[in-house]
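Scroll down for the structure; my scribbles are underneath it.
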2 protein chains.
Amino acid sequence: MASNRRPGTAEQPRTGTSSGRPTSRDVARRASVSQATVSLVLGGKWEGRVSPRTAETVRDAAQALGYRPNLSARSLRLGRTRTALLVVPALTHDYFARVHAGASRIAAEHDFGVVLYPSPEGIGPAVDPFGSARAALDGVIASSMAPDALAALREGGLPLVMLDTDPEGDRAVATVNLDIADGMRQVAGHLLGLGHRRLAHLAAAVDTWTFGVRAHSLAQAVALEPGAELRTEPSDLSVEDALRGATRALTADPRPTAVICDDDLLAAGACKAARRLGLRVPEDVSVTGFDDLSLATALEPELTTVRLPAEAVGAAGMRALLDVLAGREANAPVLPVQLVRRGSTAEPPSES
Amino acid sequence: MASNRRPGTAEQPRTGTSSGRPTSRDVARRASVSQATVSLVLGGKWEGRVSPRTAETVRDAAQALGYRPNLSARSLRLGRTRTALLVVPALTHDYFARVHAGASRIAAEHDFGVVLYPSPEGIGPAVDPFGSARAALDGVIASSMAPDALAALREGGLPLVMLDTDPEGDRAVATVNLDIADGMRQVAGHLLGLGHRRLAHLAAAVDTWTFGVRAHSLAQAVALEPGAELRTEPSDLSVEDALRGATRALTADPRPTAVICDDDLLAAGACKAARRLGLRVPEDVSVTGFDDLSLATALEPELTTVRLPAEAVGAAGMRALLDVLAGREANAPVLPVQLVRRGSTAEPPSES
DNA sequence: ATGAAAGCGCTAACAA
DNA sequence: TTGTTAGCGCTTTCAT
């Protein structure tokens with residue numbers, strides 16, 4: 001007879017003071033009922049099947065022992081883990097922190113957990129998110145990922161909800177998107193309406209759907225305005241590189257009167273560049289951001305930018321995943337975005 | 001004979017094409033070996049116990065089936081989950097994002113996972129982190145938490161490593177701290193050395209160890225300098241409230257020549273306040289931050305601030321937890337911090 | 001209203 | 001070198 005490491009808890013006296021964490025059997029013994037009854041009561045599905053008196057006893061015993069169910073065991077038994085993986089490009093960017101908050105909120109409401117996987121950029125995308133997450137997962141939500149990074153995620157065989165990603169081509173079970181194109185249109189409309197005609201686009205040098213749309217939508221909007229011109233300057237997604245890119249843009253001749261940035265981070269760099277060139281924002285040059293990070297209002301002047309409902313995106317993503325897991329149809333909304341006019345934009349200088 | 005939901009996979013023909021995810025038994029069947037052999041081979045502890053040829057066969061079978069071990073089952077069997085909970089007050093603050101990055105990096109190196117629990121501030125601290133995390137955990141790392149929030153964490157019965165928290169009183173298995181006091185001393189020394197004598201402290205109105213130390217250490221350093229005086233203005237941890245607090249501080253008579261902020265966020269608010277009052281930074285008033293967030297260099301002028309090795313803190317915390325879990329002694333370092341002098345500080349205006 | 005028993009997928013001790 | 005077997009803690013069916 002093969003004896004395992006732990007030689008069977010059978011001989012334990014009913015005092016129940018077993019060595020490790022108390023199990024449902026400990027609770028059962030203490031309440032003098034069966035394990036099944038404990039499960040029923042603590043699982044909240046006892047009504048009409050267990051007498052209220054017994055239920056009370058069980059709850060007391062659980063309380064007294066400090067019982068907490070073993071989630072591994074439950075997951076194993078149930079075949080589901082009530083846990084989702086949220087994959088984001090970076091956590092330091094507070095858009096993603098807010099997406100996470102939204103997803104977590106909805107998850108918690110449905111007794112789900114969210115584990116985060118900040119896809120390592122520097123280390124290369126070859127890392128296995130499923131292995132690294134080290135959690136048993138029911139589904140995956142991925143935000144703003146590059147196409148090749150998404151490929152790895154689809155391998156998992158788990159339901160995949162994509163956020164802020166090209167809805168075509170990749171068959172996720174659902175895609176929650178932002179109306180990025182409209183956001184950029186609002187930016188262009190705002191600046192053109194103020195009278196700007198020489199525009200610079202400080203464009204994020206990142207190959208994702210969201211930035212592609214920004215570039216395309218902006219170009220289109222400007223093309224529709226006679227006499228307006230647009231120059232594009234690429235930049236890494238960092239203040240430092242944006243400073244360089246914006247400096248190039250602002251030292252062009254003739255100088256643009258407005259710099260449209262793909263991200264608030266870039267806009268911060270643009271503001272720095274302007275100030276270092278002795279230009280005032282917004283009197284000499286207008287600057288716009290995108291995302292409405294907390295950074296946008298930390299700057300002076302505050303950034304005119306496009307507010308993305310990050311929390312709502314995360315929430316909608318989680319809801320979509322829950323729908324799919326429950327066998328329901330997931331709806332894949334496109335969430336509206338809104339221009340927020342603040343201090344960094346104004347009419348162009350009179351003698352442009 | 002009680003029949004469960006799934007009526008035993010026994011009758012499955014050896015083709016192995018069972019409905020769900022392949023299990024180690026499927027792999028075993030396909031490789032014509034026992035489940036034990038599969039476990040040995042895939043667990044990497046086969047050398048000298050399984051022939052290389054068989055091992056190869058097993059790996060091929062696993063590959064072909066796309067086998068991925070069921071982590072719930074493994075955790076259940078092993079009694080450990082290789083997962084740690086990281087509790088932070090907020091994710092939008094990029095100090096904590098970096099702590100998470102550090103912890104995750106070390107975790108990954110040891111085949112551990114990290115699940116994040118951003119302790120809900122608004123919703124009240126009553127929420128159960130263990131329940132919400134919905135993961136089976138081996139230990140907990142908590143950063144910069146208020147004492148009462150920590151109490152709940154100690155209930156879990158899991159090893160608890162604290163970061164940036166009062167080392168006295170609460171018996172965590174280890175505490176990783178920053179030399180916050182020294183950081184504040186460096187700030188004070190820097191400003192006093194530049195000639196500042198009227199100082200304002202924009203103090204975070206948050207009851208945690210880290211901010212207590214900042215206040216105390218600053219007060220002490222200033223007290224040591226004859227003729228130097230310090231006024232304290234409390235502020236919530238937001239740019240918006242800092243703007244108000246700094247405005248109060250800067251409209252006092254006589255006006256302070258330097259504003260020392262507990263956090264870069266507050267410093268950003270102070271800079272806004274200064275500018276709105278028509279004061280130049282640093283010519284009219286010096287401003288210092290704390291933490292060296294990415295925000296510090298997004299501003300113009302860039303903030304003089306104290307760099308906290310957030311990544312190292314997270315890494316050290318995870319190492320300490322791993323040590324404890326392995327039965328080793330955990331060492332609890334105090335990590336040094338360093339003043340970074342940038343553009344937001346200068347000598348006080350000549351006629352103060 | 002309650003209990004007995006089976007089994008989720010895995011690992012490890014032991015037998016062969 | 002490989003296979004057999006027990007059992008981690010839980011939920012659920014079926015029997016009582």
Side-chain angles (χ1 to χ4, degrees), chain A residues 1-10 12 18-29 31-58 62 65 67-82 136, chain B residues 1-10 12 18-29 31-58 62 65 67-82 136:
Chain A
M1 194 182 309
S3 88
N4 254 339
R5 188 161 44 88
R6 311 186 199 181
T9 47
Q12 204 67 233
S18 84
S19 52
R21 244 171 76 171
T23 74
S24 73
R25 269 226 306 254
D26 295 329
V27 177
R29 263 200 295 268
S32 308
V33 298
S34 78
Q35 220 186 352
T37 306
V38 172
S39 179
L40 250 24
V41 171
L42 267 33
K45 41 190 83 169
W46 59 278
E47 303 212 52
R49 305 214 258 162
V50 175
S51 77
R53 206 161 120 36
T54 314
E56 189 60 23
T57 316
V58 168
L65 258 32
Y67 170 71
R68 314 190 27 47
N70 180 318
L71 295 180
S72 302
R74 177 181 293 175
S75 295
L76 176 58
R77 175 66 232 245
L78 261 24
R80 284 159 308 110
T81 60
R82 307 188 78 77
Chain B
M1 191 181 315
S3 86
N4 256 336
R5 189 162 43 89
R6 311 188 200 179
T9 47
Q12 204 69 233
S18 85
S19 52
R21 242 171 77 172
T23 75
S24 73
R25 270 227 306 254
D26 295 329
V27 177
R29 263 199 295 268
S32 308
V33 297
S34 78
Q35 219 187 349
T37 306
V38 172
S39 180
L40 249 24
V41 171
L42 267 34
K45 41 190 82 169
W46 57 279
E47 303 212 52
R49 305 214 259 162
V50 174
S51 78
R53 209 163 116 36
T54 312
E56 188 61 22
T57 317
V58 169
L65 257 33
Y67 169 72
R68 312 186 31 39
N70 180 318
L71 294 180
S72 301
R74 178 183 294 181
S75 296
L76 177 58
R77 175 66 234 239
L78 261 23
R80 284 158 307 110
T81 60
R82 307 189 78 78

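The chains referred to below are lettered A, B, ... by the order of the sequence lines, with proteins before strands, and numbering in each begins at 1. Below, each value reflects all heavy atoms present in this structure, side chains not excepted, and no hydrogens, waters or symmetry copies.
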Please pick, from [options], the nucleotide with the shortest atom-to-atom distance to any side-chain atom of [X].
{"X": "B:S51", "options": "D:dC10, C:dC10, D:dT1", "value": "D:dT1"}
{"X": "B:T37", "options": "D:dT2, D:dC10, C:dT2", "value": "D:dT2"}
{"X": "B:R77", "options": "D:dC10, D:dT12, C:dG9", "value": "C:dG9"}
{"X": "B:L78", "options": "D:dC10, C:dA12, C:dC10", "value": "C:dA12"}
{"X": "A:S34", "options": "C:dG3, D:dC10, D:dT1", "value": "C:dG3"}

So, is [X] near the phosphate of [N], with a side-chain N or O under 4.0 Å from OP1 or OP2?
{"X": "A:S24", "N": "D:dC10", "answer": "yes"}
{"X": "A:R49", "N": "C:dT2", "answer": "no"}
{"X": "B:T54", "N": "D:dT1", "answer": "no"}
{"X": "A:K45", "N": "D:dT12", "answer": "yes"}

message: Distance alone, cut at 3.5 Å: any donor-acceptor contact between the side chains of A:S75 and A:S72?
response: no
Just the rounded figure in Å: distance from [atom2] of [N] to [atom1] of [X].
{"X": "B:Q35", "N": "C:dG9", "atom1": "CD", "atom2": "C1'", "answer": "7 Å"}
{"X": "B:W46", "N": "C:dT11", "atom1": "CH2", "atom2": "C1'", "answer": "19 Å"}
{"X": "A:E47", "N": "C:dT2", "atom1": "CD", "atom2": "C1'", "answer": "17 Å"}
{"X": "B:R25", "N": "C:dT11", "atom1": "CZ", "atom2": "C1'", "answer": "14 Å"}
{"X": "A:L71", "N": "D:dC8", "atom1": "CG", "atom2": "P", "answer": "18 Å"}
{"X": "A:L76", "N": "D:dC8", "atom1": "CG", "atom2": "C1'", "answer": "9 Å"}
{"X": "B:N70", "N": "C:dG7", "atom1": "CG", "atom2": "C1'", "answer": "13 Å"}
{"X": "A:L40", "N": "D:dT12", "atom1": "CG", "atom2": "C1'", "answer": "9 Å"}

- prompt: More than 12 non-hydrogen atoms from neighbouring residues, nucleotides or ligands closer than 6.0 Å to CZ on B:R80, yes or no?
  reply: no
- request: Mind checking A:G48 for me? I need base, sugar-phosphate or nothing, with any heavy atom below 4.0 Å counting as a touch.
  value: sugar-phosphate
task: Check the pair A:T57 / A:V33 against side chain to side chain contact (heavy atoms under 4.5 Å, CB included), numbers first and verdict last.
output: CA-CA 9 Å; A:T57 316; A:V33 298; 6.0 Å; no
query: What salt bridge (charged side-chain N to carboxylate O under 4.0 Å, His left out) pairs are there with at least one residue in residues 39-58 of chain A, not counting sequence neighbours?
result: A:E56-A:R59
message: Need to verify one output field. Residue with the more 5' nearest nucleotide on DNA chain C, A:P52 or A:A73?
response: A:P52
- line: By nearest-nucleotide position on DNA chain D, the 5'-leaning member of B:A55 and A:A36 is B:A55
- request: List the steps and the verdict of side chain to side chain contact (heavy atoms under 4.5 Å, CB included) for A:T54 and A:W46.
  value: CA-CA 10 Å; A:T54 314; A:W46 59 278; over 6 Å; no
